[in-house]
Amino acid sequence: MNPHSQQEQERLNNVMNVINDQIQQLESDTLKLRNEVINTRKHFWDEVKVNMDTFDDYLETIINLRQEAQALSVGESTHNHAAKRLATLQRMKSVPYFGRIDFLEDGLTEQEQIYIGISSLMDSSGEDFLIYDWRAPVSSVYYDYEPGPAQYITPGGKVNGELKKKWQYVIRNGKLESLFDTSLTIGDEILQKVLGKGADKYMQSIVATIQKDQNRIIRHDQGRMLIVHGAAGSGKTSAALQRIAFLLYKYRDFIKADQIILFSPNNMFNSYVSNVLPELGEENMQQDTFQEYLDHRLSKEFQLETPFDQLEYVLTAADSPSYRARIKGIQFKASYQFFEAIKLYRETLEKSGLLFKDIKFRGKTIISAQQLSEKFYGEHLSLSFPSRLEKLQIWLMNKIKEAEKIERSEPWVEEEIELLSNDAYHKIHKYLAKKHGFEREEQADYEMEPNELKQVIIRLKMKAVRQQIKELEFIDLEGVYKQLFTDPLILKVAVPDEWKEICQETVQMLDEGKLHYEDATPFLFLQELIQGFQTNRSIKHILIDEAQDYSPFQFESLKRLFPSAKMTVLGDFNQAIFAHAREVADFQMLTNLYGEEQTEVINMTRSYRSTKPIIEFTRSLIANGENIIPFDRDGDLPVLAQVGNKSELHMSIMFKVLKLQSKGYENIAIICKSAEESKQAFEELSKIEGIKLIKTGTAEFEQGVVVIPSYLAKGIEFEAVIIYDASEQVYGDESLRRIFYTACTRAMHELHLYSVGKPSHFIKKALENNLLTLESNS
């Protein structure tokens with residue numbers, strides 16, 4: 001070991017001693033705090049004397065309760081903070097830091113050595129930093145600059161200076177394995193090493209290998225909207241998750257993890273990314289899918305199609321006579337024109353067209369839809385639409401009171417009274433006695449009036465009707481939406497040539513109590529325009545991955561649902577696999593959401609996931625693919641094997657899996673076009689030991705050999721990928737180009753394509769340019 005390395009190892013030993021000392025102290029402290037919290041919980045009521053005899057006694061009881069609850073809350077908070085710090089220190093034991101900058105601040109004569117890790121560490125005196133958190137302002141110099149003039153921004157302003165040197169460290173279990181003096185953002189040695197590793201069950205933190213363009217995303221802090229358009233494998237999702245960690249660090253007094261929500265493509269992806277924030281010592285944010293939000297809002301009224309059911313139809317039903325009309329309907333219902341048409345339609349409802357339901361009680365209409373319509377369109381026309389609905393609610397509540405009086409003489413009331421249990425009778429007696437001012441000890445003397453008892457019974461039975469009025473359920477939303485497809489005069493925009501067929505299909509689904517996926521968000525949007533938008537102001541930041549799969553309706557809905565939130569939006573239109581996104585080329589529509597001044601777009605063109613030969617192949621599959629820049633990591637050319645039939649295909653794939661496993665690859669994906677093809681492939685390849693089938697309901701990302709539909713593989717990476725059947729018969733339609741590209745870009749180290757018969761024309765350019773190796777299966 002050279003003198004410099006020896007000096008660095010000695011410093012590392014000192015840091016490890018400090019970490020171990022702090023761990024030992026914290027373990028003792030957390031145990032003590034935990035016991036105190038348990039003891040406080042156990043004896044909580046021993047410390048509180050409950051006395052309700054007088055108002056003063058009652059007030060003293062409340063004060064005591066609050067004091068004990070506050071003491072418990074402080075104890076729990078202190079314990080949680082200590083436990084969280086302890087977990088971070090345990091992680092730092094393995095890799096205390098990964099980088100160092102030697103920085104000379106302007107006006108000073110002595111340069112400072114700044115070591116960078118996943119969290120800050122002070123020396124034993126508590127005065128000097130041994131390690132700076134990677135999110136600290138000064139740490140940005142490490143990611144953004146080569147040696148020379150540099151600056152970083154603090155809350156107090158810019159700090160200028162000179163970056164003298166930059167070092168990178170490879171530390172394992174407290175031992176310095178190697179260090180590099182580098183002039184690059186992140187030296188190729190470490191990045192190559194990280195990228196050369198195998199895929200894992202979880203996405204890993206990239207904190208030690210953040211690139212300059214990724215750092216720009218992480219520390220971006222202006223405006224309401226950040227749009228990241230990144231090539232497959234560019235690290236956009238990883239950078240965005242690091243961004244959340246950065247925001248939680250920078251605004252730790254103002255924003256908590258549960259005030260951030262990630263909308264991801266599916267629950268399996270949620271599992272895949274669930275480790276990144278905990279790895280950095282932060283709690284996980286909320287994780288959701290847009291489908292779960294739709295289910296929450298609409299599944300009581302409708303049977304909802306999922307986006308994957310829709311996509312499966314798109315991928316497998318091309319021979320259906322109604323296929324073309326459905327595709328055109330999907331595209332139109334996701335378009336900005338339809339979005340504007342629905343807003344305009346809502347405005348026309350102020351004059352006519354709003355449909356109502358009869359309000360019924362015990363099977364009898366007490367207020368008809370006709371009465372509701374006449375009332376709504378006959379009075380208060382100068383008021384706003386929401387105010388008119390409010391007036392209608394008030395009128396309805398008064399009509400319900402009148403109906404209650406009429407119901408008193410109905411025989412059913414007496415029958416209900418006779419059927420009352422003793423317990424129910426006594427509860428009503430107690431309620432009425434209290435209402436009439438009887439004290440607890442006097443309540444037994446109260447005699448109920450028969451009419452009062454009847455009134456209580458009727459009000460209890462009418463409770464559901466009042467709730468219906470309160471929640472505006474007397475509006476026939478299904479009928480109002482259906483009118484868009486039954487009245488040719490409503491839509492004021494150009495419609496597809498197949499509009500008649502689209503209308504018939506939509507109406508049929510509604511009549512069956514079902515909603516196609518392309519109808520769910522427009523329906524919900526129209527519902528909210530009529531009834532008012534539900535909002536959640538506690539959420540401060542939304543992260544949307546695979547944003548190219550979202551429609552204008554979905555973005556508008558999220559904007560209105562979370563009015564206090566900023567957005568980070570990630571996507572790649574080369575991976576726009578849903579039918580509605582085929583005609584879209586960029587995120588221009590999104591800049592209108594908050595306006596250009598509040599929006600910034602960052603393009604990421606360098607791809608890190610795959611080897612250079614794989615990237616050179618995959619970029620040949622798409623238009624403007626030459627704009628994607630491969631990271632210079634060596635590897636083998638992708639391989640194409642042409643087979644004569646399915647039997648030969650399955651035999652070849654089984655041998656290929658064994659060969660890949662013999663090379664040490666553990667995570668191997670056999671990617672099929674659809675779930676239907678995946679199921680067939682899985683059945684035929686079931687002899688492969690430990691093979692698993694990934695389905696839309698799979699909750700956790702599986703390791704090993706998996707068979708997976710192309711659309712579920714999005715966002716995930718595998719050491720080796722086998723494209724199950726890349727033939728012209730399977731991938732012949734031009735609309736499938738992006739889904740084919742998405743499947744191929746999942747590969748990190750090796751990519752193998754099989755074709756039963758003639759290969760897809762998508763790879764013609766690659767074959768002409770020798771970007772593929774042809775494998776003989778003789």
Residues in side chain to side chain contact (heavy atoms under 4.5 Å, CB included) contact with [X], at least two apart in sequence or another chain:
X: Glu501; value: Ala325, Glu498
X: Ser368; value: Asp358, Thr365, Gln370, Gln371
X: Ser384; value: Pro386, Ser387
X: Glu379; value: Lys375

Inset, instruction - For the residue pair Phe308 and Tyr711, categorise the inter-ring angle as parallel (less than 30°), tilted (30 to 60°) or perpendicular (more than 60°). - result: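 Parallel.
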Legend entry - Parallel, tilted or perpendicular: ring planes of Tyr293 versus Phe290, cut at 30 and 60 degrees: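 Taking Phe290 first and then Tyr293, their aromatic rings stand perpendicular (interplane angle over 60°).
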With a 6.0 Å cut-off (strictly less than), is the heavy-atom count around [atom1] of [X], excluding the residue itself, greater than 12?
X: Lys559; atom1: NZ; result: yes
X: Lys343; atom1: NZ; result: yes
X: Lys461; atom1: NZ; result: no
X: Glu301; atom1: CD; result: yes

Inset, instruction - Would you mind checking if Lys351 and Glu347 are paired as a salt bridge, meaning a charged N to carboxylate O distance below 4.0 Å? - result: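 The answer is no: the pair does not qualify as a salt bridge.
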Inset, instruction - Run the salt-bridge test on Glu528 and Arg297 with the 4.0 Å N-O cut-off and return the result as yes or no. - result: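 Result for this pair is yes, salt bridge flagged.
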Inset, instruction - Working to the nearest 0.5 Å, report the span between CE of Met567 and CG of Leu558. - result: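 Atom-to-atom, Met567:CE and Leu558:CG are 5.0 Å apart.
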Legend entry - Thr591 versus Thr599, closest heavy-atom pair with distance: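 Answer, listing the atom of Thr591 first, then Thr599: O-OG1, 3.9 Å.
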Inset, instruction - Give the minimum heavy-atom separation between Ala403 and Met462, together with the two atoms involved. - result: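 Minimum heavy-atom separation between Ala403 and Met462: CB-CE, 4.1 Å.
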Legend entry - Counterpart residues, ring pair (Phe, Tyr, Trp, His ring centres under 6.0 Å), relative to Phe523 (two or more places apart):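 Ring pair (Phe, Tyr, Trp, His ring centres under 6.0 Å) list for Phe523, sorted by chain: Phe302, Tyr481.
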Legend entry - Check: Phe385 main-chain N/O paired with Glu350 side-chain donor or acceptor under 3.5 Å: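 Between the backbone of Phe385 and the side chain of Glu350 there is no qualifying donor-acceptor contact (under 3.5 Å).
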Inset, instruction - Look only at the side chain of Tyr377 and the backbone of Leu354, and say whether a donor-acceptor pair between them is shorter than 3.5 Å. - result: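 At least one qualifying donor-acceptor pair exists.
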Legend entry - For Gln483, side chain to side chain donor-acceptor pair (under 3.5 Å) partners two or more places apart: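 Scan of Gln483 (side chain to side chain donor-acceptor pair (under 3.5 Å), adjacent residues dropped) gives Tyr345.
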